[in-house]
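First listed ligand is number 1; within each ligand, the first listed atom is number 1.
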Amino acid sequence: MASKFTAAAAFLVVFPIALAILYPPQGLSLPPTIPGSHDLLNSSQVLPVDGAMGPESLAFDPNGGGPYTGVADGRILRWDGEGRGWVEFAVTTQHRKDCVRPFAPELEHICGRPLGLRFDKKTGDLYIADAYLGFFVVGPAGGLATPLITEAEGHPFLFTNDMDVDEKEDVIYFSDTSTSFYRRQFLTSILSGDKTGKLMKYDKSSKQLTVLLRDLAFANGVALSKDGSFVLVAETASCRITRLWLQGPIAGKKDIFADLPGFPDNIRRNQNGEFWVALHAKRGTFARLALSNTIIGNMLLKLPLSFRQLHSLIVGRPHATILKLSEEAKVLDVLEDTEGKVLRFPSEVEERDGKLWIGSVLMPFVGVYNI
Ligand SMILES: *[C@@H]1O[C@H](CO)[C@@H](O)[C@H](O)[C@H]1NC(C)=O
């Protein structure tokens, strides 16, 4: 009886999915529209990363140099302006003789895959969340970075993702996306309903590690509020940003900061204390269906689809969407390239001197948009 029921349920789920794949109806693959959004990101400039791929995070050093960015072959590059272009700044491993292809996910555990980057403005040290190798630091001269932490509670980090530095308190908040899946399995993590993400705190002077939040649905971008009273962590799989209070009457409590129209990646604060959130993609009808129940997600994973096919089913037609949120989570602006003419799959927005620097985990360039 139970198995008959399961088989019937499976058929009901797989049949429409198979149909949708064979005959993709426009409505399912089209990303939804966001009322009041400005379709302006197609006027962005594009700054290629010299044949490299996937500049995920961007950071400027305390002297305004950069941006620095981590690319898919494991290197951290620095932009030295039009004349010198991108120069190699740092790496997280010495074992790089095979790391010659711009995009080789199967080598990421060897070559490293730097994601979140942040400078400690007091010391000029660069902190690096390497998805595979852990949490690193490198001095202002660059070179080979030093590992700081590579595991929590006996489990090695599989997917260190992002961080923010509190220079006043001398602590760093950082996320590990999953204790079950590597970065190159990010679709599996999302579709299988994995909720093993963590937000942690590293105390620089005592070298003490504290797990602050666990059971997060794809813990991703991390950002502190301007006054340090709360820290945000993006939960990509549930299209939401979670807030953990650090000070005040409800310190230690968490709540939902914002529900979003898509899958948030990194969060970066501007000088006014507002937050730029990059959406990897908006959540369309198909993604909503696929993520509504882990049975559906797990069935999708069993279909003979390549990564590219599965990814395009979930995200629909390529596009770029970024949002500016106030400290109270009010949506202040939504900027898009709805047709993905210039920008696609943004991973981070760094506001600097009237420009937005826009990274992407899948594109071979950084976007630059004049506000
Ligand atoms: C950007 O897209 C908008 C809306 O599709 C269009 O009106 C505009 O001409 C485009 N701008 C550029 C620079 O391509």
Side-chain angles (χ1 to χ4, degrees), residues 20 23-58 60 66-67 69 71 79 81-83 85-86 102 221 236 239 258-268 270 272 274-288 308-309 311-326 330-371:
Y23 310 100
Q26 280 301 308
L28 276 189
S29 63
L30 226 55
T33 56
I34 300 177
S37 96
H38 301 104
D39 195 2
L40 293 171
L41 289 183
N42 58 344
S43 64
S44 305
Q45 306 292 310
V46 153
L47 188 60
V49 274
D50 281 352
M53 287 278 292
E56 202 255 0
S57 180
L58 300 158
F60 290 88
T69 190
V71 291
W79 174 245
E82 293 294 341
W86 294 98
T236 303
C239 296
D259 279 307
L260 300 168
F263 301 97
D265 201 329
N266 289 347
I267 311 169
R268 290 294 180 270
N270 68 12
N272 304 331
E274 300 152 342
F275 300 103
W276 281 105
V277 181
L279 299 186
H280 179 78
K282 293 187 278 188
R283 178 171 53 179
T285 312
F286 189 84
R288 205 176 272 281
R308 199 178 279 267
Q309 286 168 323
H311 183 256
S312 84
L313 259 180
I314 301 299
V315 302
R317 190 180 64 192
H319 58 277
T321 307
I322 63 175
L323 298 92
K324 185 164 76 168
L325 305 180
S326 73
K330 188 167 171 280
V331 179
L332 301 175
D333 202 359
V334 182
L335 292 173
E336 297 200 81
D337 181 349
T338 54
E339 291 176 22
K341 283 185 201 140
V342 180
L343 303 186
R344 295 165 171 207
F345 312 117
S347 52
E348 183 176 306
V349 180
E350 183 75 31
E351 182 176 339
R352 187 98 190 167
D353 305 328
K355 287 188 169 74
L356 300 181
W357 294 76
I358 303 172
S360 171
V361 73
L362 291 175
M363 293 292 111
F365 54 76
V366 172
V368 187
Y369 175 80
N370 289 312
I371 304 174

- Task: Might you point out which heavy atoms bring Val334 and Glu336 nearest each other, and give the distance in Å?
- Result: CG1-CG, 4.1 Å

- Item | Residue of the set Asn42, Thr321, Asp39 for which side chain to side chain donor-acceptor pair (under 3.5 Å) holds with Thr338 | Asp39

- State whether any protein heavy atom lies less than 4.0 Å from atom 11 (N) of ligand 1. yes

- Message: Quick check on atom 7 (O) of ligand 1 - does any protein heavy atom sit closer than 4.0 Å to it?
- Response: no

- Nearest-contact summary for atom 9 (O) of ligand 1 - protein heavy atom, Å: Asn42 ND2, 4.9 Å

- Message: Would Lys341 count as a contact residue for ligand 1, given that I'm defining contact as a non-hydrogen atom of the residue lying under 4.0 Å from a ligand atom?
- Response: yes

- Message: Does the plane of the ring in Phe345 sit parallel, tilted or perpendicular to the ring in His280? Use 30° and 60° as the thresholds.
- Response: parallel

- Query: Nearest heavy-atom pair of Glu350 and Leu58: which atoms, and what distance?
  - Reply: OE1-O, 3.3 Å

- What's the spacing between Asp337 CG and His38 NE2 if we round to 0.5 Å? 15.0 Å

- Message: I need the nearest protein heavy-atom contact for atom 4 (C) of ligand 1: residue, atom name and distance, please.
- Response: Asp39 OD2, 3.7 Å

